[in-house]
S.K.: 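Structure incoming, see below.
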Amino acid sequence: RIQGVAKLAFSEESLYFAHQHLRKRKLSGKATLDLATVTPMLPGKFEQMRRDIMTQKYQFSLFRTQKMEDPIDNSKDITVCIPNAEDAIVLNCIRLSLEQIWEPKYTPYSHAFRRDHDMHTALRTVHTQFGFS
């Protein structure tokens, strides 16, 4: 069963979709994947990535680190890890696949760690359900 999910999650089309999703994503904050590194992939690259994943030869590379100002406490600097483009595509492919599996199982009132469900949607739900103004 896991192999079937892996074949679907890491098909050449899924990797391409994850790549396009990263290219179109609006980047917020300074420490994220650089758009310049998510360039059009060479022909056959997705097939090679898929083959490496399915034969368990794919290895994540070390992340690039970058210091940036802490968004919560401006007096501090924090170090963040930024993945390379191939790793970001694989991670995005995993995330998109898991969302397809788990999203239908969540209650509509769950707002943590979900796309399009954040503290603002939680407050909006409380406002509409209980009539707070």
Side-chain angles (χ1 to χ4, degrees):
R1 185 173 174 180
I2 297 295
Q3 280 294 341
V5 172
K7 283 181 184 176
L8 180 62
F10 296 114
S11 68
E12 201 170 341
E13 294 81 17
S14 296
L15 290 167
Y16 177 77
F17 179 79
H19 173 258
Q20 292 303 315
H21 185 263
L22 283 173
R23 291 192 71 194
K24 292 177 184 175
R25 184 175 67 176
K26 290 183 180 177
L27 301 177
S28 60
K30 296 175 188 171
T32 187
L33 182 70
D34 298 328
L35 263 184
T37 63
V38 187
T39 57
M41 302 294 270
L42 295 173
K45 186 62 177 172
F46 294 118
E47 174 57 29
Q48 179 64 42
M49 288 172 67
R50 187 196 67 74
R51 196 175 318 116
D52 288 348
I53 291 166
M54 297 308 291
T55 58
Q56 299 180 359
K57 292 180 182 175
Y58 185 84
Q59 291 190 358
F60 288 96
S61 59
L62 295 175
F63 286 6
R64 178 172 55 93
T65 59
Q66 176 179 330
K67 284 195 178 266
M68 65 177 280
E69 187 178 280
D70 187 336
I72 297 171
D73 183 359
N74 295 342
S75 65
K76 293 182 187 177
D77 281 343
I78 58 173
T79 302
V80 294
C81 296
I82 302 171
N84 69 23
E86 284 183 22
D87 289 350
I89 291 168
V90 172
L91 291 170
N92 197 31
C93 201
I94 292 169
R95 183 186 62 78
L96 292 169
S97 300
L98 291 175
E99 277 182 359
Q100 292 293 318
I101 295 168
W102 288 103
E103 189 65 28
K105 298 179 183 200
Y106 285 123
T107 172
Y109 303 110
S110 172
H111 292 275
F113 306 108
R114 292 174 62 199
R115 186 181 348 159
D116 301 327
H117 288 77
D118 57 11
M119 66 179 176
H120 301 291
T121 59
L123 291 171
R124 201 173 308 120
T125 301
V126 168
H127 176 75
T128 57
Q129 292 289 321
F130 299 103
F132 293 123
S133 55

S.K.: What pair of heavy atoms forms the shortest contact from Asp77 to Glu69, and how long is it?
M.R.: OD1-CA, 3.7 Å
S.K.: Please say yes or no: joined through hydrophobic side-chain contacts below 4.5 Å, possibly via intermediate residues, are Met119 and Phe130 part of one cluster?
M.R.: no
S.K.: By ring-ring contact (aromatic ring centres under 6.0 Å, His included), which residues pair with Phe60, not counting sequence neighbours?
M.R.: Tyr58
S.K.: Val90, Phe17: one ILVMFWY side-chain cluster at the under-4.5 Å cut-off?
M.R.: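 No.
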S.K.: Between CZ of Phe46 and SG of Cys93, what distance do you get to the nearest 0.5 Å?
M.R.: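 Atom-to-atom, Phe46:CZ and Cys93:SG are 10.0 Å apart.
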S.K.: Work out which heavy atom in Ala18 is nearest to a heavy atom in Ile89; give both atom names and the distance.
M.R.: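 In terms of heavy atoms, the two residues are closest at CB-O, 3.6 Å.
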S.K.: If we only count heavy atoms from C-beta on, is the Met49 to Asp52 side-chain gap below 4.5 Å?
M.R.: no
S.K.: Do you see a donor-acceptor pair shorter than 3.5 Å between the side chains of Ser14 and Ser11?
M.R.: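 A pair is found: one side chain offers a donor N or O, the other an acceptor, under 3.5 Å apart.
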S.K.: Taking all atoms of both residues into account, what is the closest heavy-atom pair of Ile94 and Phe10, and its distance?
M.R.: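 Smallest heavy-atom distance, with atoms named: CG1-CZ, 3.4 Å.
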S.K.: Write down the atom of Ile53, the atom of Leu15, and the distance for their closest heavy-atom approach.
M.R.: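 Heavy atoms only, the tightest pair is CD1-CD2, 4.4 Å.
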S.K.: Listed by chain and number, what are the salt bridge (charged side-chain N to carboxylate O under 4.0 Å, His left out) partners of Glu47, not counting sequence neighbours?
M.R.: Arg50, Arg51
S.K.: Once rounded to the nearest 0.5 Å, what's the spacing between atom CG of Asp87 and atom CD of Gln59?
M.R.: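 Here the rounded value is 10.5 Å.
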S.K.: Restricting to salt bridge (charged side-chain N to carboxylate O under 4.0 Å, His left out), what partner residues turn up for Glu12, sequence neighbours left out?
M.R.: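 Not a single residue meets the salt bridge (charged side-chain N to carboxylate O under 4.0 Å, His left out) criterion with Glu12.
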S.K.: For a side-chain contact (heavy atoms from CB on, under 4.5 Å) check, start with the C-alpha distance between Gln48 and Glu86, then their side-chain angles and the critical distance, and finish with the verdict.
M.R.: CA-CA 11 Å; Gln48 179 64 42; Glu86 284 183 22; over 6 Å; no
S.K.: What residues, two or more places apart in sequence or in another chain, satisfy side chain to side chain contact (heavy atoms under 4.5 Å, CB included) together with Glu99?
M.R.: Arg95, Leu96, Arg115
S.K.: Please identify each residue that fulfils side chain to side chain contact (heavy atoms under 4.5 Å, CB included) with Lys76, with sequence neighbours left out.
M.R.: Asp70, Asp73
S.K.: Can you sort out the partners of Tyr106 under ring-ring contact (aromatic ring centres under 6.0 Å, His included), two or more places apart, ordered by chain and number?
M.R.: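 Result, ring-ring contact (aromatic ring centres under 6.0 Å, His included) vs Tyr106: none returned.
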